[in-house]
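By convention in this document, chain letters (A, B, ...) are assigned in the order of the sequence lines, proteins followed by strands, and residues within each chain are numbered from 1. Hydrogens, waters and symmetry mates are skipped; everything else that's a heavy atom, side chains included, is used. Note that the structure is a prediction, hence the values are computed from the model and not measured.
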Number of protein chains: 2
Amino acid sequence: MIVTIRDIAEKVGVSVTTVSRVLNNRGYLSDGLKKRVHEAMEEMNYQPNEVARSLSRKKSNILGLIIPDISHPFFAQMTKHMEYYAYKHGYKLMLCNSLLDKKKEKEYIDLLRASQVDGIIMGSHTMSVKEYLSIKLPLVTLDRQISESIPYISSDNYRGGSLATQLLLRKNCNKIAYLSGNLQLNMLAKQRHDAFVRQAKGKGVEYIVKQTDMNGFQYKKYENLVRELFQEHPDIDGVFASSDMLALQVVRECRRLGKSVPDQVKVVGYDGIQIGGTEDLTTIAQPIKEMGRLAVQHLLQQIAGEETPLETILPVKLLEKGTT
Amino acid sequence: MIVTIRDIAEKVGVSVTTVSRVLNNRGYLSDGLKKRVHEAMEEMNYQPNEVARSLSRKKSNILGLIIPDISHPFFAQMTKHMEYYAYKHGYKLMLCNSLLDKKKEKEYIDLLRASQVDGIIMGSHTMSVKEYLSIKLPLVTLDRQISESIPYISSDNYRGGSLATQLLLRKNCNKIAYLSGNLQLNMLAKQRHDAFVRQAKGKGVEYIVKQTDMNGFQYKKYENLVRELFQEHPDIDGVFASSDMLALQVVRECRRLGKSVPDQVKVVGYDGIQIGGTEDLTTIAQPIKEMGRLAVQHLLQQIAGEETPLETILPVKLLEKGTT
DNA sequence: TTGTACGCGTTATCAA
DNA sequence: TTGATAACGCGTACAA
């Protein structure tokens with residue numbers, strides 16, 4: 001039933017070593033032999049067993065990817081690119097949604113280790129620094145600086161926050177708000193907030209900061225958050241939302257309230273996700289593709305025992321569209 | 001460095017068999033022994049090697065998931081639910097984006113087989129029926145009926161098409177259009193088209209059918225498609241789009257052209273994805289969560305050697321919102 | 001250039 | 001109740 005290297009060896013009349021050599025293209029082999037072995041494989045429909053290989057080589061060619069939620073467009077888009085680069089380099093991706101549940105995240109880490117993955121990309125960060133340090137596996141984190149020893153990939157959050165806020169100020173907004181979703185999603189995102197406050201204070205303009213609680217992201221909560229904002233501060237004329245998803249809710253609420261965007265209220269989002277409805281949204285675009293690519297690349301470098309930069313901070317870009 | 005079952009055995013002073021038994025909770029074991037073994041595992045920080053287990057048991061507890069593109073919200077959301085149910089039942093998910101590339105899809109199937117996955121969920125269908133039949137692995141397909149032997153999960157496309165079209169007609173549209181993205185994405189989706197045509201013909205109303213080519217989905221193409229539609233038929237007053245992403249483009253184009261929705265043009269989408277911008281979209285909602293759940297369930301049943309229904313067609317629901 | 005024999009970490013089949 | 005020992009399928013020293 002199952003064709004193994006041994007069956008091929010018998011059929012061709014050589015040893016398993018030779019077959020293995022052909023398979024891995026190692027050592028000296030006569031061309032005739034190579035051909036005969038390949039033919040036999042073809043004929044018997046042989047497929048190498050990666051599990052056996054992994055066990056023997058102590059290398060699985062699998063990467064673990066832990067993110068909060070694949071259904072969030074930001075992660076979905078980055079995951080797409082990570083899968084692309086992983087595949088290109090002969091690696092498979094094991095998808096793990098933590099749902100920002102500490103227990104699940106921990107279980108997945110153990111599971112990934114037990115599965116002998118060669119490395120992990122951590123996009124979810126609910127645990128303590130100490131716990132991450134104890135993972136002892138090649139690791140790359142997204143948007144969180146855990147320690148001096150774990151490389152991370154992020155984009156320039158502070159600059160993003162500045163650009164967004166400056167734009168609102170330049171457009172003569174008088175009362176601006178910073179709206180933030182879950183902070184655990186992206187620990188470095190706090191810098192966007194800091195930049196916002198600093199810019200607002202610098203200009204002496206009135207500003208408000210508002211954020212949801214920590215428990216995952218449900219769009220319903222976004223809706224409520226936005227609704228509250230305008231109830232409490234009907235005179236707001238500029239909003240900087242820390243994600244495009246949130247910004248879309250702002251635009252929607254304005255439409256509902258009959259406030260015209262951008263005339264009465266200007267809206268800037270964050271992320272630069274490409275998805276229905278964001279085409280006309282002014283936003284701070286993160287280089288999602290490049291972040292995904294580098295996350296994989298730096299992980300593979302670690303796996304190969306090479307040096308990788310500890311800190312990778314990519315530039316963001318202001319995309320001015322119709323909401324400002 | 002690496003702690004194995006053998007180390008534990010030595011430490012406790014029993015055989016590896018016994019340790020394995022404790023690990024799998026099989027056979028008769030004195031409580032004292034169980035405890036001692038567990039303590040030793042704890043102490044030495046032992047973690048079972050799933051790769052070795054897979055090899056020995058001939059079971060990996062990994063499911064392969066092949067979809068066109070995780071960055072498409074429909075697949076991202078369904079994947080979220082599939083991961084949830086897989087995890088719940090002790091299975092991991094290997095994520096594969098085919099990008100609707102026939103070669104990549106085929107390579108991934110081989111790769112998954114080589115990786116000894118226990119089963120595959122196929123949401124991408126670029127190959128021939130014969131090729132799918134030759135996979136010889138537990139299989140479930142999404143939205144494509146491949147043969148009498150491969151179970152599939154879908155929702156009631158024909159009814160969805162009817163509901164959408166009937167709604168447009170009921171709202172007194174006089175010239176309606178059916179807009180469809182890539183058909184390879186969803187082979188059964190043709191039924192939506194059939195239903196549309198039938199309803200339109202039945203009412204004797206003027207109708208147009210328009211679709212993009214087969215090469216993946218780029219939102220830019222959606223945009224062009226929609227633009228063309230309104231250029232060629234400026235008098236259209238009702239659009240049934242075969243996906244929400246497409247429908248959002250229609251709404252956007254209407255806004256751009258100064259046509260009010262729903263007054264001048266009514267728009268119905270398809271899928272029921274939950275994402276910024278779709279909250280106000282009238283759509284035919286597929287039971288995405290349930291589809292994901294059943295895909296996993298039926299796959300696990302096959303893996304367990306149980307019978308599963310060949311055909312699973314779930315009901316759709318018309319959600320009337322602001323665009324009609 | 002090719003083969004023998006052992007190891008990878010675990011489970012399963014016997015036997016004790 | 002417990003223990004030897006042979007698989008699982010492949011890679012690789014070492015030998016020839």
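A salt bridge links K104(A) and E83(B); the closest N-O separation between the charged side-chain nitrogens and carboxylate oxygens is under 4.0 Å. Classification of K102(B) and E105(B) as a salt-bridged pair fails, no side-chain N sitting under 4.0 Å from a carboxylate O.
With ring centers used as reference points, Y87(A) lies under 6.0 Å from Y108(B).
Donor-acceptor pairing under 3.5 Å is lacking for the side chains of R113(A) and N49(B).
In the 5' to 3' direction, nucleotides of DNA chain C lying under 4.0 Å from heavy atoms of chain A begin and end at dT1(C) to dG9(C).
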With B for base contact, S for sugar-phosphate-only contact and - for none (protein heavy atoms under 4.0 Å), nucleotides 1-11 of chain D reads BBBBB--BBBS
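Inter-residue side-chain proximity for M127(A) and K106(A) is flagged as met; some heavy-atom pair is nearer than 4.5 Å. L139(A) places a side-chain heavy atom less than 4.5 Å from the side chain of M122(A).
Scanning both residues, N61(A) and K59(A), for their nearest heavy atoms gives OD1-NZ, 2.7 Å.
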